[in-house]
Chemist: 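Here it is, the structure in full.
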Amino acid sequence: MLWIKALHVFFVVAWFAGLFYLPRLFVYHALAEDASGRERFKVMEHKLYWGIMTPSAALTIFFGGWLWSYGFPGAWLHAKLIVVALTLAYHIYCGKLLLDFRRDRNTRSHVWYRWFNEVPVIFLAAAVVLAVVKPF
């Protein structure tokens, strides 16, 4: 079980690294004024989302489900599953924003993306507290 837990934590870290970085790329992409810069961001965003974030999210959920099969009691787990669902929804919404940028249809400012970039911090803090402290 410790190997499964280690792999779960590894992929959580990789997933959240992407969740922190992709919106930051969106900030700079929204500020880009030249066509070559915008195209460069499109490539970077695509590779991050599909090459790192999405596989890491899938493996996080896979190994987390495997851990769950060992049976962890408590309401903390239900709350953590809600946080996971919210994080997955954020991830999917990032994919929608990625498509908007790819199609040159972004309507949001760099300031909006700066605030949007803070959301996964809340999800990570909640997940860590729930998993480690198990407050209920």
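Just so it is clear, the structure is predicted and the values come from calculations on it, not from any experiment. Residues: numbered from 1 along the sequence shown.
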Chemist: Taking the side chain as every heavy atom from C-beta outward, state whether R105 and L99 have any pair of such atoms under 4.5 Å apart.
Modeler: no
Chemist: Identify all side-chain donor-acceptor contacts of residues 63-83 below 3.5 Å with residues at least two apart in sequence or on another chain.
Modeler:
unit_1, atom_1, unit_2, atom_2, d
S69, OG, W66, O, 2.5
W76, NE1, P73, O, 3.0

Chemist: Should L124 and V129 be regarded as members of a common hydrophobic cluster, given that ILVMFWY residues are connected when their side-chain heavy atoms come within less than 4.5 Å of each other, either directly or indirectly?
Modeler: no
Chemist: Quick check: does any side chain N or O of K47 sit under 3.5 Å from a backbone N or O of M44, one acting as donor and the other as acceptor?
Modeler: no
Chemist: Is it possible for you to say whether V9 and I61 belong to one hydrophobic cluster, with membership spreading through side-chain heavy-atom contacts below 4.5 Å?
Modeler: no
Chemist: If every non-hydrogen atom of P120 is compared with every non-hydrogen atom of N117, which pair is closest and at what distance?
Modeler: CD-O, 3.4 Å
Chemist: Centroid separation under 6.0 Å, is that true for the rings of Y28 and H110?
Modeler: no
Chemist: Walk me through it: do T87 and F16 pass the test side-chain contact (heavy atoms from CB on, under 4.5 Å)?
Modeler: CA-CA 9 Å; T87 305; F16 271 90; 3.7 Å; yes
Chemist: Got a sec, which residues hit ring pair (Phe, Tyr, Trp, His ring centres under 6.0 Å) with H8, two or more places apart in sequence or on another chain?
Modeler: none
Chemist: Would you name the heavy atoms of A30 and S109 that are closest together and state the gap between them?
Modeler: CB-C, 4.3 Å
Chemist: Do L7 and F62 touch side chain to side chain, with heavy atoms closer than 4.5 Å?
Modeler: no
Chemist: Search all heavy atoms of P23 against all heavy atoms of G18 and return the closest pair with its distance.
Modeler: CD-O, 4.1 Å
Chemist: How about Y21: does its OH atom have over 12 heavy atoms from other parts shown lying under 6.0 Å from it?
Modeler: no
Chemist: Centres of the F101 and F26 rings: under 6.0 Å?
Modeler: yes
Chemist: Is the ring pair F116/W112 parallel, tilted or perpendicular, if the boundaries are 30 and 60 degrees?
Modeler: parallel
Chemist: Check this for me: does any side-chain nitrogen of one of K42 and D104 sit under 4.0 Å from a carboxylate oxygen of the other?
Modeler: yes
Chemist: Can you get from V13 to I52 by hopping between Ile, Leu, Val, Met, Phe, Trp and Tyr side chains that sit under 4.5 Å apart?
Modeler: no
Chemist: Only one of Y49, F123, W50 clears ring pair (Phe, Tyr, Trp, His ring centres under 6.0 Å) with H91; which?
Modeler: Y49
Chemist: Does some side-chain heavy atom of R108 sit less than 4.5 Å from a side-chain heavy atom of L97?
Modeler: yes
Chemist: Is the side chain of T60 donor-acceptor paired with the backbone N or O of V12 at a distance under 3.5 Å, no angle test?
Modeler: yes
Chemist: About how many Å separate CG of L48 and CE of M53, when rounded to the nearest 0.5 Å?
Modeler: 5.5 Å
Chemist: If you round to the nearest 0.5 Å, how far is CD of E118 from CZ of F20?
Modeler: 9.0 Å
Chemist: Short question: side chain of R38, backbone of H29 - any donor-acceptor pair under 3.5 Å?
Modeler: no
Chemist: Hydrophobic clusters here meaning ILVMFWY residues chained together by side-chain heavy-atom distances under 4.5 Å, can you tell me if V128 and F136 are in one?
Modeler: yes
Chemist: Give, for atom CG of L22 and atom OH of Y113, the distance between the pair rounded to the nearest 0.5 Å.
Modeler: 9.5 Å
Chemist: Taking the side chain as everything from C-beta on, heavy atoms only, tell me whether P135 gets closer than 4.5 Å to L130.
Modeler: yes
Chemist: Taking the side chain as every heavy atom from C-beta outward, state whether W15 and L88 have any atom pair closer than 4.5 Å.
Modeler: yes
Chemist: Hydrophobic clustering (ILVMFWY, side-chain heavy atoms < 4.5 Å, transitive) - are V119 and Y93 grouped together?
Modeler: yes
Chemist: First locate atom CG of L98, then atom CG of N106, and finally report the distance between them rounded to the nearest 0.5 Å.
Modeler: 11.0 Å
